[in-house]
Every structure is written in C-alpha cells, then in structure tokens.
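Heavy atoms only: backbone and side chains are in, while hydrogens, waters and symmetry mates are out.
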Amino acid sequence: MPRYDTEWIDYTLASEQEFSVAVCGYSGLVRHLYIGRDPVRRAFARHVDVEEGFCRQGTHCLALDCPLNRSEPENLLHMLDMNEDEPLDEETARIWGTESTLEGFLLFARRITAELPEELRRRREPLGE
C-alpha cells in the first residue's frame, strides 16, 4: 500500500499559545492538530497509507473535505482530546459562527489548510518511490 508522508508544522498565536498541525502528503489537507507541543502524537501520525480509493487512516482525520475521509464525530472528538462536544465561549462562537467546539476546530483546520504554501496543498510522491 503506498505510504505518504505527514508534515508537521508548528505555529504560535499572538497570545503565545502554541499549536501544531499535520498535513497529509496524499490530500494536502490538515489531517490532525493539537494545542501545545506533543512529540508522542507526531510519532503516531507520521504517514497515511492510501490505495485504490481507501485511506487506512481515514477514520481518524480532520480533513473532512477529503473524499477518502470516513471519520465519525466520536473519533474526531477523541483526536482533539475531548469526551464530548462542548459549547464555545460566546465571543469565540460569534467569531466562528458556531457554538460547537468540534465544529470550531474543523473550521480552524480548514482555514490553516487554505493558508498553507502551495507545495504542501498538493499530493506528494509516495515514500520510497
């Protein structure tokens, strides 16, 4: 099964809050994100395996715009270290246009994807080829 690398990118917000995103080498979309720095997560999310329209990691992926994504809300919550969807604070809900923390994170992942450099937003060659 062809394997595509995941590229991790670290960011720091104006508030000095750190977060990291994982960009899928197959779809060019943000597939995972977390607040802070966590080398353990990076060790587990290093690549995706894709073959004939099936992605082995497709059940645990924030890239809902990817046609290979099969993630259920409970898996997305787990990826984001949440047991259940929680309401956003009033100010954040107004800015993002949703009261759902899960939906806010998904919108955030889409926004980061849209701002990625072109070379990351396109499919890269499988590893080993």
Name the one of H47, R31, H32 that satisfies side chain to side chain donor-acceptor pair (under 3.5 Å) with T6? R31
What are the two closest non-hydrogen atoms of R124 and D5, and how far apart are they? NH2-O, 3.7 Å
Grouping ILVMFWY residues whenever side-chain heavy atoms fall under 4.5 Å, the cluster of V48 otherwise contains Y4, Y26, V50, L68
Ignoring hydrogens and angles, state whether a donor on the side chain of N75 or T59 is under 3.5 Å from an acceptor on the partner side chain. no
Rounded to the nearest 0.5 Å, the CZ atom of F44 sits from the CG atom of D38 at a distance of 9.5 Å
Report the residues that fulfil salt bridge (Lys or Arg N to Asp or Glu O under 4.0 Å) with R56, sequence neighbours left out, ordered by chain and then residue number. D49
Straight-line distance of L64 CG to L76 CG, nearest 0.5 Å: 5.5 Å
Which residues pass the ring pair (Phe, Tyr, Trp, His ring centres under 6.0 Å) test with F105, sequence neighbours left out? none
Can you list the residues that meet the salt bridge (Lys or Arg N to Asp or Glu O under 4.0 Å) rule with D65, with sequence neighbours excluded? R110
Return the set of residues passing ring pair (Phe, Tyr, Trp, His ring centres under 6.0 Å) with Y11 (not counting sequence neighbours), or none when no residue passes. F19
Under 6.0 Å from the ring centre and within 45 degrees of the ring axis: does the NZ or CZ of R111 meet both conditions for the six-membered ring of W96? yes
Rounded to the nearest 0.5 Å, the CD atom of Q57 sits from the SG atom of C66 at a distance of 11.0 Å
Residues at least two apart in sequence or cross-chain that pass salt bridge (Lys or Arg N to Asp or Glu O under 4.0 Å) with E74, listed by chain then number, are none
